[in-house]
2 protein chains.
Amino acid sequence: MTATQTPVPMGPVVPARAAHAPLTPVEQQLRTAQDLFIRRWGEMGQTWGINRTMAEIHALCYIVGKPLCTDDVMERLHISRGNASMSLRALCDWGIIRRLHKRGERREYFESLSDVWEMFSIIAAERKRREMDPVLEAIKQCRQMLDEGHLGKAAKQEAVQLTRQRLAGMEEFMSVTNKIFQEFIGNAKSGLTKVVKVLLKAF
Amino acid sequence: MTATQTPVPMGPVVPARAAHAPLTPVEQQLRTAQDLFIRRWGEMGQTWGINRTMAEIHALCYIVGKPLCTDDVMERLHISRGNASMSLRALCDWGIIRRLHKRGERREYFESLSDVWEMFSIIAAERKRREMDPVLEAIKQCRQMLDEGHLGKAAKQEAVQLTRQRLAGMEEFMSVTNKIFQEFIGNAKSGLTKVVKVLLKAF
DNA sequence: CTATACTTTCAGTACAAACTGAAATCAGGA
DNA sequence: TCCTGATTTCAGTTTGTACTGAAAGTATAG
């Protein structure tokens, strides 16, 4: 690949890349393109409740398409070692990047999943569990608090009825949404492409 | 209707509700239930990039089901006038709550849309426009920067090809997602229920 | 016009999340 | 075993967001 440099003898310890090898024009162009993607992706992540740096790291791993080590990430995104370490670990916890050991090397590498659909379904599953399920739970609890069993005839009061209606409306919405999510999650690898096709035809 | 035919002096305006009328047990129970919903909704909003207070105000308007004035909101959520004012305006800008004038009253009231599907589609439309479209735009730009027109034969280099592949994968994903969003948005009022039924049958 | 009721704005503050850097810890090789 | 490169942790700091409260603004009735 980047064999434009003097053939470095594969010494005892192979540096990931020559300390600061000047980039060829093509490499520069590649970086520029990648950086644009990374920046936009980070911005988007932010507004969706994912911290910018984490989104950027993930974007970097994804877009480059090959394993990167901590120093690569630090250098490329200008972040500290601590930040890189914590964010990489969090991404691993999410399951959208993977740790990777290279033979005869001490340092660890990280690579992104390559299938966007799979990543999406992983994230969807987790967010559903963490954020939507508790709300659905709460709604059910609320409805119980306001049913006749608890309030008796008072449950017929206008204000109570109104709130009950609203709770019902929201519950219906969230149940359906949840079901859709579930479907995506269930079909993560297997039939996702097919599911999507069905979806698109439905529209 | 409002019996303000008689020249009611605007002086000591009729308070929205008696200053601090003690709540009946039923009202208390109702509040407790509503509060639970509001709290959970606020927490969820936070992790989706919506600030907690705004989400809570919206939840309050939605769950109560009748128009509330600024003071109602302040009192109920324990927030300042400034905060209430700004958040209410932002919610109006989003279009998920509406300003409402009552005959013969100076103060303004706010009420939430009642149809959850409509609210969702409004939000989806806006977020798509603000957050997804720019990314798609960026991806297209990136792909252009890396095509043969710009890089010549260098475009065949492995690293470049890899990134191009990744960009393509992401673009496909986002296009489909976008299309789905679009469909929801388009069917906001008209046939949403039908669309959902189709969806559910597809699964 | 003035007085009153209500709304908006915004400078300043409080609070929270993100980030750094260095020290502590861990793991492989001799 | 120790040595060394790599990773993790975390106290302290920076940065950013949310919030308050009071002053300015707006609108209506008289």
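So you know, we letter chains A, B, ... as the sequences are listed, proteins then strands, and number each from 1.
Non-hydrogen atoms lying under 4.0 Å from DNA chain D are contributed by nothing in residues 40-59 of chain A.
When the C1' atom of dC19(C) is taken as reference, atom CG of Leu88(A) falls 14 Å away, rounded to whole Å. Remark: P of dT15(D) and CG of Asn83(A) are 14 Å apart, rounded to the nearest angstrom. Note: CG (Asp71(B)) to P (dG21(D)) measures 14 Å, nearest angstrom. Taking atom CG of Leu100(A) as the reference point, atom C1' of dA6(D) lies 16 Å away to the nearest angstrom. Rounded to whole Å, atom P of dT14(D) lies 19 Å from atom CD1 of Ile79(A). Remark: C1' of dA29(D) and CD of Glu105(B) are 15 Å apart, rounded to the nearest angstrom. Distance, Arg81(A) CZ to dT8(D) P: 11 Å, rounded to whole Å. For Tyr109(B) and dC6(C), the OH to C1' distance is 12 Å, given to the nearest whole Å.
Remark: Glu43(B) does not engage Arg39(B) in a salt bridge, criterion side-chain N to carboxylate O under 4.0 Å. A salt bridge between Lys66(B) and Glu111(B) is absent, with no side-chain N of the basic residue lying under 4.0 Å from a carboxylate O of the acidic one.
Of the two residues contacting DNA chain D, namely Met86(A) and Arg106(A), the nearest-nucleotide position lying further toward the 5' end is that of Arg106(A). When each of Phe110(B) and Gly82(A) is assigned the nucleotide of DNA chain C with its nearest heavy atom, Phe110(B) is the one assigned upstream, toward the 5' end.
Among the protein residues, Arg89(A) comes within range of the sugar-phosphate backbone only, with heavy atoms under 4.0 Å from sugar or phosphate atoms but none that close to a base.
Relative ring orientation between Phe120(B) and Phe181(B) is described as tilted, the plane-to-plane angle lying within the 30° to 60° band. Aromatic ring pairs are classed by plane angle as parallel below 30°, tilted from 30° to 60° and perpendicular above 60°; the pair Phe37(A) and Trp41(A) is parallel.
In this view, Asp133(B) and Lys128(B), Arg129(B), Asn178(B) satisfy the side-chain contact (heavy atoms from CB on, under 4.5 Å) rule, not counting sequence neighbours.
A cation-pi contact, defined as under 6.0 Å to the ring centre and within 45° of the axis, is absent between Arg127(B) and Trp48(B).
Considering only side-chain atoms of Arg107(A), the nucleotide from dT7(D), dT7(C), dG21(C) that sits closest is dT7(D).
A salt bridge (Lys or Arg N to Asp or Glu O under 4.0 Å) with Glu148(A) is found for exactly one of Lys156(A), Lys153(A), Arg164(A), namely Lys156(A).
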